[in-house]
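Letters A, B, ... mirror the listed sequences (proteins, then strands); counts begin at 1. Any value given below was found using the heavy atoms of this structure, including those in side chains, with hydrogens, waters and symmetry copies removed. These figures come from a predicted structure and were not determined experimentally.
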There are 2 protein chains.
Amino acid sequence: MEDAAALVSAQEQLASARRAPSQQRSRERVERMLAAASALIAEQGSDAMRMGEVAERAGVSIGSLYQFFPDKRAIIWALAERYTAESQACISAALAGVSDAEGLGRAFSELVDIYYGLFLAEPVIRDIWSGTQADKALRQLELADSRANAEFLTAVLRRLRPAVDPATLETTAFLVWQMGEAAMRLAISVERQEGDRLVAAYKRMALRELLAE
Amino acid sequence: MEDAAALVSAQEQLASARRAPSQQRSRERVERMLAAASALIAEQGSDAMRMGEVAERAGVSIGSLYQFFPDKRAIIWALAERYTAESQACISAALAGVSDAEGLGRAFSELVDIYYGLFLAEPVIRDIWSGTQADKALRQLELADSRANAEFLTAVLRRLRPAVDPATLETTAFLVWQMGEAAMRLAISVERQEGDRLVAAYKRMALRELLAE
DNA sequence: TTGCAAACATGAGGATTACTCACGTTTGGA
DNA sequence: TCCAAACGTGAGTAATCCTCATGTTTGCAA
């Protein structure tokens, strides 16, 4: 598993390149640093978060900040790690007892709701995982472009399924299109072979949805 | 359409805040700047692209660069715009003549292949649209986390559909999970009401896939 | 209790880099 | 031929991440 090895090394580089706090005092200070970072990200976004500001708000010096976090990304990483650990526990719990199709339907639906609520409620998660994060304007272009592309698909669907509410078709087309882009981004981020499989799976899934009654 | 107005203003801010080249000489120089930027992004990624390096490689001064591009993002934006215009034409052409379900199946499949090929072949597209772009390590954590989460789903599927090849189930679960994250990112980027509709549509789509025979 | 090594804390300053601006040069049309 | 507008330049500015030499505190072994 070279992926796992690469990740561990990345983790060491990002999260553990500095000494972990061993004394009570420093552990509290690290907590304050994380809290300050979290607040600043919630207020202005991680891109606008300044290391000096984090230190000031946490009531520590800039040097102390860098004693426990090797760089700016490490703070964001540390915050992200907390959320992922938390959400992983939640997922595990929700899906653990599922034994039939109906149960999966209920559990999955509930899980999506919880996740969506988390995304809506936590500015830090929104910021970290929202994609193309550094550039809000670029994100808007991406969405506008995606909408325009989906419109071509909507036009086809309107012809093929005239009985269905046009707004529903538009939502479907937009979603299918965005998922296609997500699938490709995913595909180019993994081994070529797995990427090909994922794209093929997306095709099936998208067509099933597009041609559904 | 306040979205459209906002986008135009963003476009003006990003792409047109500087004088457009009107003489033949400067038009050529702008082309050289874009070519240099494209090459550097392909080599090292947009984050590592230095404005000074772009100018040097294009054989112009840093001042000339800023005469036509208000900031670094504007160069990336300009490159992205070319690709989106190109791909939009391609999509329009592929879907224009579709009149029945079979035709949609063929055209859509072909379209996905072309898009995927574009993603694979063009380092600049990969870089610009690959998401969480600024931080490759964070992207890796995101994927590892997503894989771990999908594993819970895979376990359920193995129980529910023991006849199906486990590797296929794994691919399905991973894809469905990633698309869920994509759907939520999308949902929080648009108006709340549309976001809710998109998440609901994702739920239906995902469950249809998960419970498919 | 005391000595001491390791852990902790500090903030001025080094290094990098996006971006500006005052001044010089070229172009195209009247 | 003249001139205003467009173009071109690169040293310098400002902002920001991060280092490091130096001083302080802590916990523990003798």
Side-chain angles (χ1 to χ4, degrees), chain A residues 13-37 40-41 43-79 133-138, chain B residues 13-37 40-41 43-79 133-138:
Chain A
Q13 266 179 24
L14 280 175
S16 313
R18 290 292 191 278
R19 186 169 34 230
S22 73
Q23 302 175 358
Q24 179 67 17
R25 174 181 50 148
S26 53
R27 243 169 295 155
E28 283 167 8
R29 290 164 60 91
V30 166
E31 279 309 307
R32 288 216 306 280
M33 293 172 202
L34 286 172
L40 285 168
I41 290 173
E43 284 167 25
Q44 326 163 359
S46 60
D47 206 53
M49 179 188 87
R50 306 293 164 215
M51 293 301 270
E53 213 174 344
V54 172
E56 189 184 18
R57 195 176 287 210
V60 304
S61 70
I62 184 74
S64 288
L65 199 54
Y66 279 93
Q67 190 139 95
F68 300 102
F69 300 98
D71 56 31
K72 183 175 171 176
R73 295 181 311 164
I75 293 192
I76 295 165
W77 173 290
L79 288 173
Q133 58 185 334
D135 192 336
K136 294 251 166 71
L138 193 59
Chain B
Q13 264 178 27
L14 281 175
S16 314
R18 289 293 191 277
R19 186 170 31 231
S22 73
Q23 301 174 0
Q24 178 68 14
R25 174 180 52 146
S26 53
R27 242 169 296 156
E28 283 168 7
R29 288 165 60 92
V30 166
E31 279 310 307
R32 287 217 307 279
M33 294 173 203
L34 286 172
L40 284 168
I41 291 173
E43 284 167 27
Q44 326 162 359
S46 60
D47 206 53
M49 179 189 87
R50 307 294 163 215
M51 294 301 272
E53 214 174 344
V54 173
E56 189 184 18
R57 195 175 287 210
V60 304
S61 70
I62 185 74
S64 287
L65 199 52
Y66 280 93
Q67 190 138 95
F68 300 102
F69 300 98
D71 56 31
K72 183 174 171 177
R73 296 182 309 164
I75 293 192
I76 295 164
W77 173 290
L79 288 173
Q133 57 184 333
D135 192 335
K136 293 251 165 70
L138 194 59

So, the side chain of A/Lys72 versus the backbone of A/Arg50: is there a donor-acceptor pair under 3.5 Å, distance only?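 Side chain of A/Lys72 to backbone of A/Arg50, a donor-acceptor pair under 3.5 Å: no, none is there.
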Output a table of donor-acceptor pairs, distance under 3.5 Å, between side-chain atoms of residues 63-70 of chain B and any protein atom two or more places apart or on a different chain; print 'none' if there are none.
{"residue": "B/Ser64", "atom": "OG", "partner": "B/Arg29", "partner atom": "NH2", "Å": "3.0"}
{"residue": "B/Ser64", "atom": "OG", "partner": "B/Ser61", "partner atom": "OG", "Å": "3.4"}

Those residues that, when tested against A/Glu43, pass side-chain contact (heavy atoms from CB on, under 4.5 Å) (two or more places apart):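 For A/Glu43, the residues satisfying side-chain contact (heavy atoms from CB on, under 4.5 Å) (neighbours in sequence not counted) are A/Ala39, A/Leu40, A/Arg57.
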With sequence neighbours excluded, what pairs up with A/Gln23 under the side-chain contact (heavy atoms from CB on, under 4.5 Å) test?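 With sequence neighbours excluded, A/Gln23 shows a side-chain contact (heavy atoms from CB on, under 4.5 Å) to A/Arg25, A/Ser26, given in chain and number order.
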Given C/dT20, is OP1 or OP2 found less than 4.0 Å from the side-chain N or O atoms of B/Arg18?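 It does, given that an N or O in the side chain of B/Arg18 lies less than 4.0 Å from OP1 or OP2 of C/dT20.
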For [X], enumerate each residue passing the salt bridge (charged side-chain N to carboxylate O under 4.0 Å, His left out) test, keeping only those at least two apart in sequence or located in another chain.
X: A/Arg27; answer: none
X: A/Glu28; answer: none
X: B/Glu53; answer: none

Heavy-atom protein contacts under 4.0 Å, nucleotides 9-18 of chain C, coded B base, S sugar-phosphate only, - none: BBBB----SS
Applying side chain to side chain donor-acceptor pair (under 3.5 Å), can you list everything that pairs with B/Glu31, at least two apart in sequence or on another chain? B/Arg82
Heavy-atom contact window of chain A on DNA chain D, given 5' to 3' at under 4.0 Å: D/dT16 to D/dT26
